[in-house]
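Single-structure report; data block below.
In listed order, ligands and their atoms are each counted from 1. If you read the sequence from its start, that first residue is 1, and numbering goes on from there.
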Amino acid sequence: MLLEMKGIAVNYGKINAIRDISIQVPEGKIVTIIGGNGAGKTTTLRAMSGMVPITKGEITFEGKRIDGLPASKVVAHGIAHVPEGRRIFPQMTVEENLRTGAFLRRDKDAVENDLEDVFKRFERLRERRTQRAQTMSGGEQQMLAIGRALMSAPRLLLMDEPSMGLAPVIVEEIAVIVEEINAQGLSVVLVEQNAELALELADYAYVLETGNCAMEGPAHELHDNETVRAAYLGI
Ligand code: ATP
């Protein structure tokens, strides 16, 4: 198992954001986490990347404990987080934003190669490399956020609502990118409000409800499950 999360709880003050979450991410797969507003999806991702402390349970990545490590150390282990709302640096150029993703790396030649790979994947980022990030469209900013995460040379990519606020045609583009990145061997954890999209892309899915896992299974099975369809697919 690439990443394993066992019995995780996270509190924000007195609020139990997640209570008892266990998630497994096999090497090379796309795992999705779906659920309604406030179910704990974002918090689960933030726990994986060390952005919030856990109060219970353990997290291992490639067999090593990573819970308790600061986010910067978790990145160095090979986990990159594409946050909700992209969080790009608006005043910085496209290229500067991308380079922040490689901030901790010492392998300078490999960084240049990876930058070229990102520009190959996202030609629009290459065209706009000297442009300030704030002047880009929502879809371009999402691509920039993904590119920046790839610049840390991750083995696991955590994506929080990549489709949020984007037009359907751009959402489709992002979906293709996620599939391509995964086909090249990168494992993905995808948090999505758009359950239809998520269940089509993923191999395996977890459904969260009020901080607990209500259901899990192969994504195609949950996609066809009556309860899931009624609650999350609006059918
Ligand atoms: P959404 O899809 O609406 O983003 P989510 O499933 O990602 O929801 P979380 O954002 O993880 O859910 O939130 C889980 C719970 O924790 C919610 O009750 C939320 O109000 C609470 N919460 C999240 N962030 C904080 C915070 N910084 N301080 C206090 N409570 C928080």
Side-chain angles (χ1 to χ4, degrees), residues 3-25 30-59 61 66-72 74-75 79-88 138-139 141-142 145-146 149 156-168 170-171 174-175 178 188-202 204-217 219 222-223 225 227-235:
L3 180 128
E4 200 157 7
M5 196 174 211
K6 276 192 220 152
I8 298 299
V10 172
N11 303 331
Y12 296 110
K14 288 192 178 128
I15 297 169
N16 306 121
I18 55 177
R19 297 155 197 271
D20 182 16
I21 304 270
S22 297
I23 285 176
Q24 295 196 322
V25 185
I30 302 179
V31 169
T32 189
I33 304 172
I34 59 174
N37 281 319
K41 306 181 296 299
T42 293
T43 303
T44 302
L45 271 203
R46 300 184 95 215
M48 285 180 183
S49 60
M51 287 165 64
V52 291
I54 61 170
T55 52
K56 190 164 75 73
E58 60 182 62
I59 308 172
F61 183 66
I66 58 163
D67 51 277
L69 296 180
S72 59
V74 175
V75 179
I79 299 180
H81 192 142
V82 186
E84 190 171 17
R86 353 267 192 231
R87 302 288 168 93
I88 50 148
Q141 291 189 15
Q142 184 60 55
I146 296 170
L156 175 64
L157 192 63
L158 311 180
M159 307 182 86
D160 198 348
E161 307 254 9
S163 78
M164 192 167 43
L166 302 180
I170 311 294
V171 171
I174 301 285
V178 174
V188 177
V189 178
L190 175 67
V191 159
E192 262 299 339
Q193 286 273 356
N194 184 340
E196 181 76 43
L197 173 79
L199 293 175
E200 276 169 17
L201 279 176
Y204 200 83
Y206 294 84
V207 182
L208 302 196
E209 264 171 31
T210 56
N212 289 299
C213 181
M215 222 188 289
E216 63 171 274
L222 292 197
H223 185 268
N225 179 290
T227 314
V228 174
R229 295 187 76 74
Y232 301 105
L233 300 177
I235 292 156

- Item | Any donor-acceptor pair under 3.5 Å from Asp67 side chain to Ile59 backbone | yes
- Task: Answer yes or no: does atom NZ of Lys6 have more than 12 heavy-atom neighbours from other residues, nucleotides or ligands under 6.0 Å?
- Result: no
- Note on the structure: Residues passing the side chain to side chain contact (heavy atoms under 4.5 Å, CB included) test with Val74, sequence neighbours excluded, are Ile66, Leu69, Ile79
- Note on the structure: Between Ser49 and His81 the two heavy atoms that sit nearest each other are OG-ND1, 2.7 Å
- Message: So does Thr210 get a backbone contact from the side chain of Arg19, meaning a donor-acceptor N/O pair under 3.5 Å?
- Response: yes
- Message: What does the 4.0 Å heavy-atom contact list look like for ligand 1?
- Response: Tyr12, Ile15, Ala17, Gly36, Asn37, Gly38, Ala39, Gly40, Lys41, Thr42, Thr43, Glu84, Glu161, Gln193
- Are a donor atom and an acceptor atom from the side chains of Glu192 and Thr32 found within less than 3.5 Å of each other? no
